[in-house]
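Take a look at the structure set out below.
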Amino acid sequence: MSQTAKTRVLTGITTTGTPHLGNYVGAIKPAIEASQDPNVQSFYFLADYHALIKCQDPKRVQESRLEIAATWLALGLDTDNAIFYRQSDIIEIPELMWMLSCVCAKGLMNRAHAYKAAVAENEEAGNQDPDKGVTMGLFGYPVLMAADILMFNANKVPVGRDQIQHIEMARDMAGRFNHLFKGQYFVQPEAVVDEKVEVLKGLDGRKMSKSYNNTIPLFVSEKKLQKLVRKIKTNSLEPGEPKDPDTCTLFQIFSAFASESEALAMRQQYAEGIGWGEAKDRVFEYVNAHLSAPRERYNALMEDPAHIEAVLQKGAERAREEAAVTMDRLRAAVGLGRFV
């Protein structure tokens, strides 16, 4: 199959935190499976320019980039088939972002969820300036996201529901650019929301999220994993009393890793009144066994940043080969091409 006939799928990972079980189930696992599909040209990137919008701690950004790259590689990302790179290594992306900024209506950015939420927060707090604390990075980040997607003419972008708006904005900018400069420079990307992918609950029963501080990091030590699983909130039902697996965080985490038949067997044990202590031990043992080989690979990779760097440089080279050609064409389109 020729390169052009492949469906192009693009996924970005913001580098501000340590990957946790929720990231694995919601994004990493399905993406790694897709990276092994020869009919798909996958682009996976560390969205480190995006990280600067909310994190001004250089050490944290640097650590997070390394942890996330090591996580994806430890879990089996196929970097021969997929193109894996750091956003900040593709110098053409900020250039495309500027071109798109020049065709993007400010009114469109005014409607972006993150910006509206920041304004609403200021109004609730009684701040006279509705834009207090809003940087141009926060305001304009849908344009950066559009540049990420349109640079490689991605057909499909797997996202959570909260990101659909940004894909629509990217479509808007692509259409506007094509119209103004009279050509088919960009394809219209599509948001892909996988309804089957669960939003994993955290230690306190709310959505597992860094902002709630309720996460279980993916590659903590065995001891720490056991401690965190034991902290998961359960109700006060005694051993012997039937329990509802569908409202239980423990069961949800177990099912995210288990096969269908294993999940069914566990469901039966809930009906028979498994005790919470036993359920927690079962979940810990199962998840720990599942993660022990990748945890070893992860720890080895974290000790060998030069290997990770080499993989990312190779990915950046492949990405830039294409980005350079695209930008030559776009520069010519807007009147910034060479004279001869």
Side-chain angles (χ1 to χ4, degrees), residues 1-15 19 23-48 50 65-93 96 145 147-160 163 167 170 186-194 196-197 218-219 257 290-291 293-298 300-302 304-327:
M1 183 176 266
S2 75
Q3 184 81 347
T4 47
K6 289 186 179 188
T7 300
R8 299 181 142 229
V9 180
L10 179 132
T11 303
I13 313 104
T14 311
T15 54
N23 300 140
Y24 173 68
V25 171
I28 303 174
K29 192 177 168 207
I32 283 173
E33 284 162 11
S35 79
Q36 293 152 354
D37 182 345
N39 300 322
V40 172
Q41 179 58 74
S42 297
F43 293 81
Y44 296 104
F45 66 96
L46 304 175
D48 47 1
H50 284 285
R65 293 153 92 220
L66 190 65
E67 287 171 353
I68 290 172
T71 298
W72 282 70
L73 295 174
L75 288 165
L77 183 71
D78 182 349
T79 54
D80 292 329
N81 187 29
I83 297 177
F84 186 47
Y85 57 96
R86 271 182 303 234
Q87 183 187 32
S88 58
D89 283 335
I90 316 302
I91 55 172
E92 291 82 1
I93 284 173
L96 177 55
M145 193 164 158
D148 292 323
I149 296 165
L150 301 178
M151 176 62 81
F152 300 108
N153 271 319
N155 307 101
K156 295 181 186 298
V157 186
V159 287
Q163 294 284 327
I167 312 301
F186 300 119
V187 303
Q188 292 276 344
E190 271 174 55
V192 179
V193 179
D194 189 344
K196 295 195 300 293
V197 169
L218 204 46
F219 294 131
F257 287 87
H290 196 89
L291 292 177
R295 185 194 292 134
E296 258 177 62
R297 287 196 295 272
Y298 173 81
L301 283 160
M302 288 297 284
D304 188 6
H307 173 74
I308 296 176
E309 185 63 34
V311 170
L312 288 168
Q313 289 293 346
K314 190 181 111 186
E317 232 168 87
R318 288 172 71 194
R320 286 204 63 205
E321 267 172 33
E322 188 168 325
V325 173
T326 300
M327 287 314 297

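Note that the numbering runs from 1 along the sequence shown for the chain.
Screening residues 24-35 for side-chain hydrogen bond (donor to acceptor under 3.5 Å, both in side chains), with sequence neighbours left out, gives no hits. Pairs engaging residues 74-93 under the salt bridge (Lys or Arg N to Asp or Glu O under 4.0 Å) rule: Asp80-Lys314, Arg86-Asp89, Arg86-Glu309, Glu92-Arg320 [sequence neighbours left out].
Interatomic distance, Met327 CE to Glu322 CD, rounded to the nearest 0.5 Å: 13.0 Å. Here CZ of Phe45 is found 5.5 Å from CD of Gln87. Values are rounded to the nearest 0.5 Å. The CG atom of Leu66 sits 9.0 Å away from the CG atom of Leu301 when rounded to the nearest 0.5 Å. For the atom pair Gln188 CD and Leu150 CG, the distance stands at 8.5 Å (nearest 0.5 Å). Between atom CZ of residue Phe152 and atom CD1 of residue Ile93 there is a gap of 5.0 Å, rounded to the nearest 0.5 Å. Atom-to-atom distance recorded for Leu10:CG and Ser42:OG is 9.0 Å, nearest 0.5 angstrom.
Considering all non-hydrogen atoms of both residues, Phe186 and Asn153 come closest at CA-OD1, 3.2 Å. Here the closest non-hydrogen pair linking Ala147 and Leu96 is O-CD2, 3.6 Å. In this structure, Val40 and Ala34 approach most closely via the heavy-atom pair CB-O, 4.4 Å. The two atoms that bring Tyr85 and Gly315 nearest to each other are CB-C, 3.9 Å, heavy atoms only. The minimum heavy-atom distance between Asp148 and His50, with the atom names listed, is OD2-NE2, 2.9 Å.
Contacts of His290 classified as ring pair (Phe, Tyr, Trp, His ring centres under 6.0 Å), with partners at least two apart in sequence or in another chain: Phe257. For Ala170, the side chain to side chain contact (heavy atoms under 4.5 Å, CB included) test picks out Ala146, Ile149, Pro189, with sequence neighbours left out. Scanning for side chain to side chain donor-acceptor pair (under 3.5 Å) contacts around Arg65 gives Asp48, Gln62, with sequence neighbours left out. Considering only residues two or more places apart in sequence or on other chains, Glu317 meets the side chain to side chain contact (heavy atoms under 4.5 Å, CB included) condition with none of them. Residues passing the salt bridge (charged side-chain N to carboxylate O under 4.0 Å, His left out) test with Glu296, sequence neighbours excluded: none.
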For Lys156 and Thr7, what are the C-alpha separation, side-chain angles and deciding distance, and is it a side-chain contact (heavy atoms from CB on, under 4.5 Å)?
CA-CA 8 Å; Lys156 295 181 186 298; Thr7 300; 4.1 Å; yes

For Thr11 and Val157, what are the C-alpha separation, side-chain angles and deciding distance, and is it a side-chain contact (heavy atoms from CB on, under 4.5 Å)?
CA-CA 6 Å; Thr11 303; Val157 186; over 6 Å; no

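Side-chain contact check for Val192 versus Val159: every heavy-atom pair is 4.5 Å or farther apart.
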Kindly list each side-chain donor-acceptor pair under 3.5 angstrom involving residues 67-77, sequence neighbours excluded, with atom names and distances?
from, atom 1, to, atom 2, distance (Å)
Glu67, OE1, Thr18, OG1, 2.8
Thr71, OG1, Glu67, O, 2.7

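Ring centroids of Tyr44 and Phe84 are separated by 6.0 Å or more, keeping the two rings apart.
Between the side chains of Gln36 and Asn81, no donor-acceptor pair is found at a separation under 3.5 Å.
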